[in-house]
Amino acid sequence: MITGESGRVDAANTTFAANARRWRGPVLIGALVLAAALVVAVLTAAPRIGDLSPEGAAPEGGMALAHLLEDQGVRIRAVDDLDPATAVPGRTVFVAFPERMSTRQRDALAASGADVVLVRPDERSLTALAPGVRPEPIELPEPTDPACGVPAAVRAGPVDLEGAAYGVDPGLAADRCYPTDGQVGAASLVSVREGDRTVTVVGDATPFTNDALDERGNAALALNLLGAHPDLLWYLPVPPPAEPGQERSTSELLPAGWIWGPLQLLVAGVAVALWRGRRLGPVVTEDLPVVVPAGETVRGRARLYRRAGARDRAAAALRGDAHRELAARLGVPRGGGVAAVVDAVAARTGRPVAEVGALLDGPEPPDDPALVRLAGDLDGLRRAVRDTAADGRPGSA
Amino acid sequence: MAVTGRFALLVALGALVVGLAWPSGTGVLVVSGVLALAAVVDALAAVPVTALRLDREQEDTTTLRLGTSLEVALRVANPARRRAVLLVRDAWEPSAGAVPSRHRLVVPAGERRRVVSTLTPTRRGDRDAVRVTLRSLGPLGIGARQGRRVVPARVRVLPAFGSRRHLPSRLARLRELDGRRAVQVRGQGTEFDSLREYVAGDDVRSIDWRASARSHDLVVRTWRPERDRHVLVVIDTGRSAAGRVGDAPRLDAALDTALLLAALASRGGDRVDLLALDREVRASVLGATERDLLPALVTAMAPLEPRLVETDMRLLAAAALARAGRRSLIVLVTGLEEAAVTEGLDPVLGTLLRRHTLLLAAVADPELATMAAGRGDAEAVYTAAAAGAARDARRRTAERLGRRGVEIVDAAPDDLPPAVADRYLALKAAGRL
């Protein structure tokens, strides 16, 4: 029984070990994936600091340009929302990320009289700020010569403009610089003069970045474009919170398919429940015979003895057991009484009669430990009688 | 009406349709509704369960011994003009151990197919087929009809008769008693068989001097054990038989004992009858011939179960006396609980012992010895004391019955059948039957 139990425990342990071995691979792969995801997350999060802003120190940042402009006496203010009071004619607004502007911000910028420099604007910004200029689906293979009349470009000469190119609607008076090969009308820098304001569209952010500022004519182009006026607003638009009444919940923003599709999945869940829930006939019951362990009454009596503290009965039962066994072993005739057995045991084992008598016919044990000791002592007495009998010593009755 | 996993899958795929093509409440309703309608139509197109004809191959009750397996077949006939795609559950009582519990079955139009389940019963007795549940799938496999039928069948699980392995050695000893071997037994109760010439080695006390005087040679009498005695096995199926010793109730050991004894005694030329009762007679086998005896016994024993009632010993004595007309050996398999014996058996003991030899066989619990040897803490010692007291009471009861002339065999479940068989052989040898 005990070996069976331990065997089962061993088996359980082996199973655990085997499980651990089996799961080591998947767990390792999971850990690797997690680590890789963390690394990627950290690496992709870092360049956010280097966005084209006056404080951006990363290769894509604009810190070097900002320093150069300040050295030339240009006052730079980085703003995240445009105050109409500050964007007045005679100032330059540099929009590094036009696509981040909200419609309201775009309109506000269009309404102001300030000069605007847009870096690779999206279509909506173009429509609002430089109508008539449209993006051309072409990437410039090589930096080219300015080939136009914009002073900044003329001074700069060839620059690193490898981003988008723009076309201009016929009839719009615009300077097109750095034209692309073969494409008539497509250029990577377009300057539109509109009354007394100038809107310049640049197809690539590279000339303004820390990394590329010192190459070719990049610095000259950037400084001339942004340093045209003593005041520069470095506009880093942050969409303002939605105005009250215009807030929309996530569910409104979600495409309808994302709401109704899962709802249909819920219906599918109901269908699965119907499928699995329909039993193939009722559960079959059976009357089983009542079977109780035969030793249950003995255990019950033992618990009663213990609860009642019936040490007298327990001791009497233990002594009776020992008495019968010893009497049978020593050949004491039944009915001889306890005294005869005590004498025979004392004679066989050489123990004092008083001691044997106290064991076999003593007083009730005062507490449970004494009862446990009595049981042990009676066992010892039996062993003693058995061993002396095995030795073949004389004196057996 | 039921739906299938395919239906659920289609509804789930409907999520793609709704999500991509028709993202609205109407889309959900239409997609789900169309599929539900399709399921209903599919179910209606399925072969009706009521149209199927079911029957069993075995008409009568089949029997098998506990611990063996049996295949039972259910036949499904499809008189419809469509193919029937079915999920069949041939449900038996759980302890019949039927596997597999469900079957996939395709019955072409107008044909018949069998569904075979293997029964491995886990307990003795009659096990019934409860019902057959049929699910008939439609042609698309998304909807189904369901219905159930009762196709009666019964298997009778006979006692395992594990003590059969003791039979050969006991039969050998019976033959020794019987004089078919060289050893001649002469005892008080043996019967005179025949006279034959003296050979060296014969007991000189068996020389028949009168016959020798008439003959030229010394003639000895030969003896044979008494034959054609009556053995009545009475099994108490009351409360005392319900106690579990080891893994099985005491009743199983009692049945095993009765089977071994019956097999032995019938070969010994004795007539064996069986009686099982508690507050009423549960089983009775009377006057079976030697060849029919064991099958009759196991069949009668199969459905016996212990009941939690105090056995009516007056009824027991009356029934036993009614069946034991002449002097018999009554083997009573019951308990040795002090109170039950004092109040139940003692008052009727006199009438039983007046004409018959009574052998009382009781199933002892080996766990009692384990408990009585328990030491270590107070709980174990109290248990040991209680076990000691119980053993003492049992021993005293046995002694008291023994003094009144009852033969007592008190043994653990595995030892009881051979012990009773040995006691029977001893009684037979002593001519006390």
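Fair warning: this is a prediction, and the values are worked out from it, not measured in the lab.
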Heavy-atom closest pair, residues [X] and [Y]:
{"X": "B/Pro94", "Y": "A/Glu286", "result": "CD-OE1, 3.1 Å"}
{"X": "B/Gly376", "Y": "A/Val372", "result": "O-CG1, 3.6 Å"}
{"X": "A/Arg278", "Y": "B/Ala2", "result": "CG-CB, 3.8 Å"}
{"X": "B/Val381", "Y": "A/Leu318", "result": "CG1-CD1, 3.7 Å"}
{"X": "B/Ala12", "Y": "A/Leu265", "result": "O-CD2, 3.9 Å"}
{"X": "A/Ala271", "Y": "B/Val3", "result": "O-CG2, 4.1 Å"}

#### Entry: Residue pair B/Val18, A/Leu263: steps toward the side chain to side chain contact (heavy atoms under 4.5 Å, CB included) verdict
CA-CA 9 Å; B/Val18 169; A/Leu263 196 74; over 6 Å; no
Region of [X] that comes under 4.5 Å of a non-hydrogen atom in chain B:
{"X": "A/Asp287", "answer": "backbone"}
{"X": "A/Arg306", "answer": "both"}
{"X": "A/Val272", "answer": "both"}
{"X": "A/Arg382", "answer": "side chain"}
{"X": "A/Pro262", "answer": "neither"}
{"X": "A/Ala316", "answer": "neither"}

In terms of heavy-atom contacts, does [atom1] of [X] have more than 12 from other residues, nucleotides or ligands at under 6.0 Å?
{"X": "A/Arg351", "atom1": "CZ", "answer": "yes"}
{"X": "A/Arg124", "atom1": "CZ", "answer": "no"}
{"X": "A/Glu123", "atom1": "CD", "answer": "no"}
{"X": "B/Glu379", "atom1": "CD", "answer": "no"}
{"X": "B/Arg396", "atom1": "CZ", "answer": "yes"}

As an exercise, state the distance from [atom1] of [X] to [atom2] of [Y], rounded to the nearest 0.5 Å.
{"X": "A/Trp260", "Y": "B/Leu29", "atom1": "CH2", "atom2": "CG", "result": "8.0 Å"}
{"X": "A/Leu288", "Y": "B/Arg123", "atom1": "CG", "atom2": "CZ", "result": "5.0 Å"}
{"X": "A/Leu371", "Y": "B/Tyr382", "atom1": "CG", "atom2": "OH", "result": "5.5 Å"}
{"X": "A/Leu274", "Y": "B/Thr4", "atom1": "CG", "atom2": "OG1", "result": "11.0 Å"}
{"X": "B/Arg395", "Y": "A/Asp321", "atom1": "CZ", "atom2": "CG", "result": "8.5 Å"}
{"X": "B/Asp90", "Y": "A/Leu280", "atom1": "CG", "atom2": "CG", "result": "11.0 Å"}

Do [X] side-chain atoms and [Y] backbone N/O form a donor-acceptor pair below 3.5 Å?
{"X": "B/Arg89", "Y": "A/Gly281", "value": "yes"}
{"X": "B/Gln146", "Y": "A/Arg279", "value": "yes"}
{"X": "A/Arg299", "Y": "B/Ala386", "value": "no"}

### Message
Let's test your reading of the structure: which of A/Gly257, A/Ala317, A/Ala294 forms the most heavy-atom pairs below 4.5 Å with chain B?
### Response
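Ranked by heavy-atom pairs under 4.5 Å with chain B, first place is A/Ala294.
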### Message
Counting heavy-atom pairs under 4.5 Å with chain B, which one of A/Ala302, A/Gly269, A/Ala256 comes out on top?
### Response
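The option with the most such pairs is A/Ala302.
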### Message
Let's go through B/Asp392 and A/Arg324 carefully: what are the C-alpha distance in whole Å and the side-chain angles of both, what is the deciding distance for side chain to side chain contact (heavy atoms under 4.5 Å, CB included) to 0.1 Å, and is it a yes or a no?
### Response
CA-CA 9 Å; B/Asp392 190 31; A/Arg324 261 191 309 285; 2.9 Å; yes
### Message
Would B/Val11 and A/Gln264 count as a side chain to side chain contact (heavy atoms under 4.5 Å, CB included) here? Give the steps.
### Response
CA-CA 7 Å; B/Val11 178; A/Gln264 178 69 21; 3.6 Å; yes
Name the member of [options] that forms the most heavy-atom pairs with chain A at distances under 4.5 Å.
{"options": "B/Ala389, B/Ala385, B/Gly335", "result": "B/Ala385"}
{"options": "B/Gly243, B/Ala15, B/Ser24, B/Gly14", "result": "B/Ser24"}
{"options": "B/Ala21, B/Gly388, B/Ala36", "result": "B/Gly388"}
{"options": "B/Ser95, B/Gly27, B/Ser101, B/Ala390", "result": "B/Ser95"}

Let me know if [X] has heavy atoms under 4.5 Å from chain A in its side chain, its backbone, both or neither.
{"X": "B/Glu367", "result": "side chain"}
{"X": "B/Leu308", "result": "side chain"}
{"X": "B/Arg148", "result": "side chain"}
{"X": "B/Asp365", "result": "side chain"}
{"X": "B/Val130", "result": "side chain"}
{"X": "B/Asp377", "result": "backbone"}
{"X": "B/Ser240", "result": "neither"}
{"X": "B/Arg307", "result": "neither"}

